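Quick notes on the structure that follows.
A note on names: the letters A, B, ... follow the listed sequences, proteins ahead of strands, and every chain is numbered from 1. All values derive from a computational prediction rather than experimental measurement.
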Protein chains: 2
Amino acid sequence: MKKAEATRLDILRKAFELIYVKGYQNTSIDDILARTQVTKGAFYYHFKNKDEMGIAIINELLKPSLANAFIEPFREAQDPVEAIYRMMHHLLMENAFMKVEHGCPASNLTQEMAPWHAGFSEVLGELTGQWEKVMIKCIEQGKKAGHIRAGVNARQVTLFVMSGYWGIRNFGKLENSKSVYRTYLKELRAYLLSLR
Amino acid sequence: MKKAEATRLDILRKAFELIYVKGYQNTSIDDILARTQVTKGAFYYHFKNKDEMGIAIINELLKPSLANAFIEPFREAQDPVEAIYRMMHHLLMENAFMKVEHGCPASNLTQEMAPWHAGFSEVLGELTGQWEKVMIKCIEQGKKAGHIRAGVNARQVTLFVMSGYWGIRNFGKLENSKSVYRTYLKELRAYLLSLR
DNA sequence: GTAAAAAAATACCCGGTAGTATCTTTTTAA
DNA sequence: TTAAAAAGATACTACCGGGTATTTTTTTAC
């Protein structure tokens, strides 16, 4: 039971790449088969149907690798201003996983699937939920440590920052250039400093 | 040449409603025919194909009505802080045109079409372009009038605000509740005041 | 080494969807 | 009033996409 696991993973990975670029609905099973050199029989041996594969991609690929990018930066962070800025900078400018022209895979999927597939929304909601939680915690600690004003509302700030991220990803896609990211980051910095 | 115009408009309007709720790709021509009580012959008399209809919807329905919501608030506005906040409040809380659970039609379409249809991106880009322009202008005037600090960068602020809007629309869809809008608006207010 | 189970290959089906071809009705302009 | 053009109706086609049924090959356990 080793080769089987390998092909399964291969399907997930290559399917993810296609979906990231073309969108979920616009990626056909046949596309995936062509890309993976796997036959239909093999595909349906590993997955009950397309949606099951989609959920597997989120759970087994997206969650782990994004959890790393979204959540890790807050481990042992002291100053929320720095932590949030660094995380965002990393997400937008350094993360090799995501390309400007294709946006953020989590955001893409949420947007695409939310209206008509509860299962997807649920798993994706967990992802943003985690992100929100760890960021709020960081801000609260920052308040206690005096890095930012006591009057700051952690949940509000978190939602505000998260919204900005999703939005700027959209602009990146539209303009297909990182220059909007740079502009955004400058103002994010100014905003975060206003929390001091 | 009167009735014809009416059916054309009827198709555009009803198709828009369907697309707003179900997404573009997930709305079939047959869906539109069922809804409008128009036959295929009539449909293809008015539109060369589905995409041409899509573009027409953006140009003839979306642009005018959104231009109104996005741009009108800035006419004869003095204080950018108030103008931006009011516009956002109106967009999120009062605008009857848009429903929380379905997000912002312009944002939805951009997200859905950007990866694979340049034509759509282009027209949608014009919309955001207009928005950006008028908002920048308002901020610049506000700086001169002393409503906000001279050090504020108008383009940065505009992009920051626009991103927030697109992002919070996404959250609204996910949570299907206006409460996130309220939270967002509170922090937006705080942010805008920091520009003074 | 062999039988049983796992993994993969092949061929097919069925429903949905965009688009066409052709015919019929309705408007319009003279 | 009537001929021509506009608008609309009907019946198809061709294709694509997800999914199934069945057979063949490969692994695994004994």
Side-chain angles (χ1 to χ4, degrees), chain A residues 1-58 60 108-109 112-113 115-120 123, chain B residues 1-58 60 108-109 112-113 115-120 123:
Chain A
M1 297 178 191
K2 206 60 182 299
K3 178 114 179 289
E5 266 313 299
T7 58
R8 186 192 143 92
L9 236 181
D10 194 51
I11 293 173
L12 287 181
R13 275 208 255 264
K14 301 227 167 95
F16 166 76
E17 282 168 31
L18 287 171
I19 290 167
Y20 177 38
V21 172
K22 303 175 49 163
Y24 181 82
Q25 303 178 74
N26 201 37
T27 300
S28 72
I29 307 265
D30 286 346
D31 287 338
I32 297 168
L33 301 185
R35 178 72 172 266
T36 51
Q37 302 279 53
V38 154
T39 59
K40 219 160 220 188
F43 181 93
Y44 280 97
Y45 172 79
H46 288 287
F47 306 100
K48 204 167 116 268
N49 52 38
K50 190 185 176 185
D51 284 357
E52 192 186 275
M53 181 208 62
I55 302 281
I57 287 177
I58 298 175
E60 296 170 41
N108 292 353
L109 277 173
E112 185 179 354
M113 310 306 272
W116 59 280
H117 200 302
F120 276 73
V123 242
Chain B
M1 295 177 192
K2 207 61 183 297
K3 178 116 179 288
E5 265 314 299
T7 56
R8 186 192 143 92
L9 236 181
D10 194 50
I11 293 174
L12 288 181
R13 275 208 255 265
K14 302 229 166 93
F16 166 76
E17 282 168 31
L18 287 172
I19 289 169
Y20 178 39
V21 172
K22 303 175 48 164
Y24 180 81
Q25 303 178 73
N26 202 35
T27 301
S28 72
I29 307 267
D30 286 345
D31 286 339
I32 298 168
L33 301 185
R35 179 72 173 269
T36 52
Q37 300 280 54
V38 153
T39 60
K40 217 157 223 190
F43 182 93
Y44 280 97
Y45 173 78
H46 287 287
F47 306 100
K48 203 168 116 267
N49 52 39
K50 190 185 176 185
D51 284 358
E52 191 186 276
M53 180 208 61
I55 302 280
I57 287 178
I58 298 176
E60 296 169 40
N108 292 352
L109 277 173
E112 184 181 355
M113 311 305 272
W116 59 281
H117 200 302
F120 276 72
V123 244

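- For D/dG8, one of the phosphate oxygens OP1 or OP2 lies less than 4.0 angstrom from a side-chain nitrogen or oxygen of B/His46.
- In this structure, the CG atom of B/Asp30 is 12 Å from the C1' atom of C/dG15, given to the nearest Å.
- If you take NZ on A/Lys14 and CG on A/Leu18, they are separated by 10.0 Å, rounding to the nearest 0.5 Å.
- Note on B/Tyr44: a base of the nucleic acid sits closer than 4.0 angstrom, heavy atoms only.
- Rounding to whole angstrom units, CG of residue B/Asn26 and P of C/dG16 are separated by 13 Å.
- Looking at residues 33-41 of chain B, you'll see B/Thr39, B/Lys40, B/Gly41 sit with a heavy atom under 4.0 Å from some atom of DNA chain D.
- In this entry the distance linking CZ of A/Arg8 with P of D/dT27 reads 19 Å, nearest Å.
- Residues B/Phe47 and B/Ala56 share a closest heavy-atom pair of CE2-CB, 4.3 Å.
- If you measure from atom CD of A/Glu5 to atom P of D/dT28, you get 12 Å, rounded to the nearest angstrom.
- Separating the CD atom of B/Gln25 from the C1' atom of C/dG16 is a distance of 15 Å, rounded to the nearest angstrom.
- Atom CD1 of B/Ile11 is separated from atom CZ of B/Phe43 by 6.0 Å, given to the nearest 0.5 angstrom.
- One can place CD1 of B/Ile19 at 14 Å from P of C/dT17, the figure rounded to the nearest angstrom.
- The nearest whole Å value for the distance from the CD atom in A/Glu52 to the P atom in D/dG18 is 15 Å.
- The CE atom of B/Met53 lies 11.5 Å from the CZ atom of B/Phe16; values are rounded to the nearest 0.5 Å.
- Within the 3.5 Å criterion, the main-chain N or O of B/Glu52 finds a donor-acceptor partner in the side chain of B/Asn49.
- We find that CZ of A/Phe47 is positioned 14 Å from P of D/dG18, with the value rounded to whole Å.
- Between the side chains of A/Asp31 and A/Ser28, at least one donor N or O sits under 3.5 Å from an acceptor N or O.
- B/Glu112 contributes a side-chain N or O that, together with a main-chain N or O of B/Tyr24, makes up a donor-acceptor pair within less than 3.5 Å.
- In this structure, the nucleotide among D/dT20, D/dG8, C/dT17 sitting nearest to the side chain of B/Thr7 is D/dG8.
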